[in-house]
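See structure below.
Order of the sequence lines sets the chain letters (A, B, ...), proteins ahead of strands, with each chain counted from 1.
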2 protein chains.
Amino acid sequence: MPRTKLSADARRAATVETVIGLAAATNPADITTAQIAAQMDVTQGALFRHFADKQAIWAAVMDWTATTLLARFDAVTGVTPIERLRAMFATHIDFVVTHPGVPRILFGELQRDGDALGKMSVRALMAAYRERVTNLLTEAKAQSLIAETVDIPAAATMFLGMVQGLAMQAMAASDFTTMPAVSGRLFDLFCDGLGVAK
Amino acid sequence: MPRTKLSADARRAATVETVIGLAAATNPADITTAQIAAQMDVTQGALFRHFADKQAIWAAVMDWTATTLLARFDAVTGVTPIERLRAMFATHIDFVVTHPGVPRILFGELQRDGDALGKMSVRALMAAYRERVTNLLTEAKAQSLIAETVDIPAAATMFLGMVQGLAMQAMAASDFTTMPAVSGRLFDLFCDGLGVAK
DNA sequence: AAAGGTAGTGACTAATTACTCACAAAAGCG
DNA sequence: CGCTTTTGTGAGTAATTAGTCACTACCTTT
């Protein structure tokens, strides 16, 4: 029983936060509405006052993730596009380390069949992400900061792959704390591939 | 009702194949024992004669995957270690394209809590994979085929990340057919990072 | 061909889980 | 304060699903 009632907006936000917290230690596919409610000190029924169904909860989580992550990307600063790319990479890693539940949920949504809502969100997020990376790479090439010959789509795929691979390897090891240490060296290697001057 | 009874071994093998087939189009977390049985023209009860529980089915799938994939890696040929690395990459992509259910199952197992059987298998597979990549990179460096300065652990992480990222992006797009086309260009970029002479 | 072991059946169960709804109580507004 | 709106309760329910088991039918071996 909640000491204080929350407004609908606040309750929804709290739900998203709770779900992400739970996902840090639990397989998202195994998270039940009962578990979420219990964690929030609320009954199960209360959840369905704010979300039409369980899917809507996942959709809200994905929404929050996309909004927050993209906002942080857009807040990134740096003199050269390469510096901004590096900052973006670090920002993303930091986000994942502080919210380990997020990649788990993301991967879980990706598993859904057909065109499920959650999957569409992930797709949109990845597309927006890719676009930002591509733009920075294009800018870098225009400024001759990277080799003229760089295959930009391939480089964008590799950039995304670095983050995703790192996240997967962290999940496999059940340890996200080592990510920041590896990430710098990984980005250096990426720069070598682009022919960035040092 | 099955036209012919199968031996226990054959039935287990058929089950693994069926599950991988189902996972190509269905979220592994949503695959039920009833579905598996139906697909095999067998009753649900029959499955539990060959597997102690559902977990055991996933474990068998992971076993098959690890064995098959590693065997293909070890069968790879090429004059230089770099050529072998490229062949390994292509082999993996080819495997994923012909068995799209496999990465989905793998990602699903990775989601499990704690030290679930399936997760341990994935972990072992990834470790064995990483070891092979590391060995080839070390060999390449010894033969001066790649820059002396290459950060081998980072390069191994990047190699795994390329495959995993590619698989994830294919899952997001629900389209595995474009993978081979991208993979060659991706590997070229990887070589640039290593400083491979062309 | 008879026997014995093995694969498969089919009907069952116990547990879980998303979702509902009539009612209660808190919040906020004039 | 008194009234309305909105949030939360608690006790459901219907559906799904992994796993069981006594029995049957097939296959192989001698």
Side-chain angles (χ1 to χ4, degrees), chain A residues 1-19 22-23 25-62 105 108-109 111-114 116-119, chain B residues 1-19 22-23 25-62 105 108-109 111-114 116-119:
Chain A
M1 31 192 104
R3 0 194 113 234
T4 56
K5 290 194 176 183
L6 295 184
S7 73
D9 280 348
R11 181 58 73 196
R12 268 190 289 269
T15 306
V16 167
E17 198 186 333
T18 301
V19 168
L22 279 175
T26 316
N27 182 350
D30 292 344
I31 295 178
T32 66
T33 54
Q35 262 177 71
I36 300 170
Q39 186 77 15
M40 299 174 72
D41 274 314
V42 146
T43 58
Q44 214 188 347
L47 283 183
F48 290 96
R49 178 167 302 282
H50 302 293
F51 297 95
D53 51 23
K54 202 189 181 186
Q55 254 247 66
I57 300 181
W58 294 118
V61 171
M62 284 311 308
I105 293 170
E109 289 304 305
Q111 293 276 32
R112 298 201 188 277
D113 301 325
L117 252 143
K119 188 169 185 171
Chain B
M1 28 185 106
R3 356 192 118 235
T4 56
K5 290 193 175 184
L6 295 184
S7 71
D9 280 348
R11 181 59 72 197
R12 269 189 289 267
T15 307
V16 167
E17 198 185 332
T18 301
V19 168
L22 280 175
T26 316
N27 182 349
D30 293 343
I31 296 177
T32 65
T33 53
Q35 262 178 71
I36 301 170
Q39 186 78 16
M40 299 174 71
D41 274 314
V42 146
T43 59
Q44 208 192 350
L47 281 183
F48 290 96
R49 176 167 303 282
H50 301 294
F51 297 95
D53 52 23
K54 203 188 180 188
Q55 259 250 61
I57 299 180
W58 295 117
V61 171
M62 284 311 309
I105 293 170
E109 290 303 307
Q111 294 275 34
R112 297 201 188 278
D113 302 324
L117 252 143
K119 189 168 184 173

Problem set entry | Separation of C:dC19 C1' from A:Ile36 CD1 (nearest whole Å) | 13 Å
I'd like a table of atom pairs between the protein and nucleotides 3-7 of chain C - only N or O on both sides, under 3.5 Å - with the distance next to each one.
from	atom 1	to	atom 2	distance (Å)
C:dA7	OP1	B:Ala8	N	3.0
C:dA7	O3'	B:Leu6	O	3.2
C:dA7	N3	B:Lys5	NZ	2.9

Problem set entry | Separation of C:dT17 P from A:Ile57 CD1 (nearest whole Å) | 14 Å
Exercise. Under the side-chain contact (heavy atoms from CB on, under 4.5 Å) test, which residues partner B:Ala38, sequence neighbours left out?
Worked result: none
Seminar exercise, completed: salt bridge (Lys or Arg N to Asp or Glu O under 4.0 Å) filter on A:Asp30, not counting sequence neighbours, yields none
Problem set entry | Partner set under side-chain contact (heavy atoms from CB on, under 4.5 Å) for B:Ala10, not counting sequence neighbours | B:Leu6, B:Ser7
Problem set entry | Side chain B:Asn27, main chain A:Asp113, donor-acceptor under 3.5 Å | no
Seminar exercise, completed: In whole angstroms, the gap separating P of C:dG10 from CG of B:Leu47 amounts to 14 Å
Exercise. Does some side-chain heavy atom of A:Thr15 sit less than 4.5 Å from a side-chain heavy atom of A:His50?
Worked result: no
For this session: Taking side-chain contact (heavy atoms from CB on, under 4.5 Å) as the test, write out the residues that go with B:Phe48, two or more places apart.
Result: B:Thr33
Any N/O pairs under 3.5 Å between the protein and nucleotides 17-20 of chain D? List them or say none.
from	atom 1	to	atom 2	distance (Å)
D:dA18	OP1	B:Lys54	NZ	2.8
D:dA18	OP2	B:Thr33	N	3.0
D:dA18	OP2	B:Thr33	OG1	2.8
D:dA18	N7	B:Gln44	NE2	3.2
D:dG19	OP2	B:Lys54	N	2.6
D:dG19	O6	B:Gln44	OE1	3.3

For this session: Over all heavy atoms of both residues, which pair between A:Gly118 and A:Met62 is shortest? Give the atoms and the distance, please.
Result: O-CG, 4.3 Å
For this session: Report yes if some heavy atom in the side chain of A:Arg11 is under 4.5 Å from a heavy atom in the side chain of A:Arg49; otherwise report no.
Result: no
